[in-house]
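First up is the structure itself, then whatever we jot down about it.
Values reported hereafter were calculated over all heavy atoms of this structure, with side chains retained and with hydrogens, waters and symmetry mates removed.
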Protein chains: 2
Amino acid sequence: MEMETITENQKVRVAEKLKKMFGHMDRRQMEYCPIRDVMALASDKWSILIILYLGYYPVMRFNHLKKRVYGISNKVLSERLKVLAADGYLARNMFPEVPVRVEYNLTDFGHSYLQKLIELSEWATTHSDQVMSNRKGFGKV
Amino acid sequence: MEMETITENQKVRVAEKLKKMFGHMDRRQMEYCPIRDVMALASDKWSILIILYLGYYPVMRFNHLKKRVYGISNKVLSERLKVLAADGYLARNMFPEVPVRVEYNLTDFGHSYLQKLIELSEWATTHSDQVMSNRKGFGKV
DNA sequence: AGAGCAAGTTACCAAAAGTAACTAATTTTT
DNA sequence: AAAAATTAGTTACTTTTGGTAACTTGCTCT
């Protein structure tokens with residue numbers, strides 16, 4: 001049934017990495033955990049799509065983002081753009097023309113995150129069929 | 001200011017990957033997008049922590065998870081475990097002892113996702129300081 | 001003169017998440 | 001023998017977050 005090919009070696013290497021990250025984590029760090037804080041924003045479903053689209057179209061304006069990030073509301077788009085800019089993933093450039101033009105683009109920091117995000121998206125794309133078949137088959141047997 | 005070292009080459013490779021993922025995306029796929037569907041669950045902030053901890057402790061019981069995934073509520077933990085199991089990331093084993101014992105562990109599929117997640121977490125760990133300083137510096141200048 | 005545009009904001013309603021008390025059956029403690 | 005603790009959740013209730021749609025502002029096009 002399982003089509004994955006994860007070797008024991010890979011599992012061991014993963015365990016070592018996790019040990020480095022979690023091994024020396026005391027109570028203070030559990031309450032304020034950098035993974036949590038960074039990921040809470042950066043792995044948010046809308047943030048991911050915004051960052052991916054800004055990787056695809058290097059410069060985007062508000063309404064362009066709204067069209068491509070299908071289903072996002074003005075409210076959430078505007079709020080996410082603010083915090084993503086505040087955390088340094090993207091830059092906002094306003095041109096005082098009429099009507100006003102506001103352009104968003106990834107910073108170098110945002111690009112560095114985008115690289116990781118792309119790997120995750122590639123995994124999601126290639127494994128979505130399996131998720132669907134897992135979901136269907138669940139509960140049966 | 002920017003400490004990142006993303007080369008133009010890397011940006012080009014990223015753009016090519018995005019083109020493959022987004023290039024041939026028509027309206028139907030925008031409404032049902034596999035990245036969205038898979039990631040909505042798998043990149044959820046609690047799901048990420050659950051999967052990471054199950055990578056660290058290969059077998060965990062409900063209350064153990066609740067202790068480690070600091071701050072999660074019974075309600076959300078129980079709901080996430082259900083959908084993560086349904087999508088095939090983890091397996092649930094119930095032992096009809098008294099009191100009942102229920103063990104959770106990652107499937108091979110879950111392990112394959114964990115590998116990507118670890119890279120993301122490593123990025124988050126090494127970049128959390130920069131996020132903090134970005135956040136502090138925002139608005140100034 | 002009226003409509004249209006861009007980039008949002010606002011008020012209101014729906015959905016998701018957090019809180020805390022509760023369940024069941026059995027073992028351990030008093 | 002009665003009370004307390006244990007595990008893996010569930011339930012009712014409150015709070016926070018998200019979605020919907022109408023509105024704003026100042027200029028340009030028809």
For [X] against [Y], the heavy-atom pair lying closest together:
| X | Y | value |
| --- | --- | --- |
| E122(A) | M21(B) | N-SD, 4.1 Å |
| G55(A) | L18(B) | C-CD1, 3.3 Å |
| S43(B) | I48(A) | OG-CD1, 3.5 Å |
| S47(A) | L41(A) | OG-O, 3.1 Å |
| W46(A) | V69(A) | CE3-CG1, 3.7 Å |

Would you list the protein and nucleotides 18-20 of chain D atom pairs, both N or O, that sit under 3.5 Å from each other?
unit_1, atom_1, unit_2, atom_2, d
dG18(D), OP1, R80(A), NH2, 3.0
dG18(D), N7, K75(A), NZ, 3.1
dG19(D), OP2, W46(A), NE1, 3.4
dG19(D), O6, K75(A), NZ, 2.5

For atom [atom1] of [X] and atom [atom2] of [N], their distance in whole Å:
| X | N | atom1 | atom2 | result |
| --- | --- | --- | --- | --- |
| L77(B) | dT10(D) | CG | P | 11 Å |
| L81(B) | dA17(C) | CG | P | 14 Å |
| M94(B) | dA25(C) | CE | C1' | 14 Å |
| I50(B) | dA17(C) | CD1 | C1' | 14 Å |
| K66(A) | dT9(C) | NZ | C1' | 13 Å |

Problem set entry | Close residues, residues 58-65 of chain A, relative to DNA chain C [heavy-atom separation under 4.0 Å] |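 Within residues 58-65 of chain A, the residues near DNA chain C are R61(A), F62(A), N63(A).
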For this session: Mind running ring-ring contact (aromatic ring centres under 6.0 Å, His included) on F109(A) and H127(B) for me, showing each step along the way?
Result: CA-CA 9 Å; F109(A) 184 68; H127(B) 289 77; 5.7 Å; yes
Problem set entry | Distance test, side-chain N/O of Y104(A) to OP1/OP2 of dG8(C), below 4.0 Å |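 For dG8(C), OP1/OP2 do have a side-chain N/O of Y104(A) under 4.0 Å.
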For this session: Give a yes/no answer on whether the side chain of K82(A) brings an N or O atom under 4.0 Å of OP1 or OP2 in dT9(C).
Result: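 For dT9(C), OP1 or OP2 has a side-chain N or O of K82(A) closer than 4.0 Å.
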How many angstroms lie between [atom1] in [X] and [atom2] in [Y], if you round to the nearest 0.5 Å?
| X | Y | atom1 | atom2 | result |
| --- | --- | --- | --- | --- |
| N105(B) | R92(B) | CG | CZ | 12.0 Å |
| R80(B) | L49(B) | CZ | CG | 11.0 Å |
| L84(A) | L90(A) | CG | CG | 5.0 Å |
| L81(B) | L54(B) | CG | CG | 8.0 Å |

For this session: Just say parallel, tilted or perpendicular for the rings of F22(A) and Y53(B), cut-offs at 30° and 60°.
Result: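 It falls in the parallel class, under 30°.
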Problem set entry | Residue-level proximity of residues 95-103 of chain B to DNA chain D when a heavy atom falls under 4.0 Å |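 P99(B), V100(B), R101(B), V102(B), in order of number.
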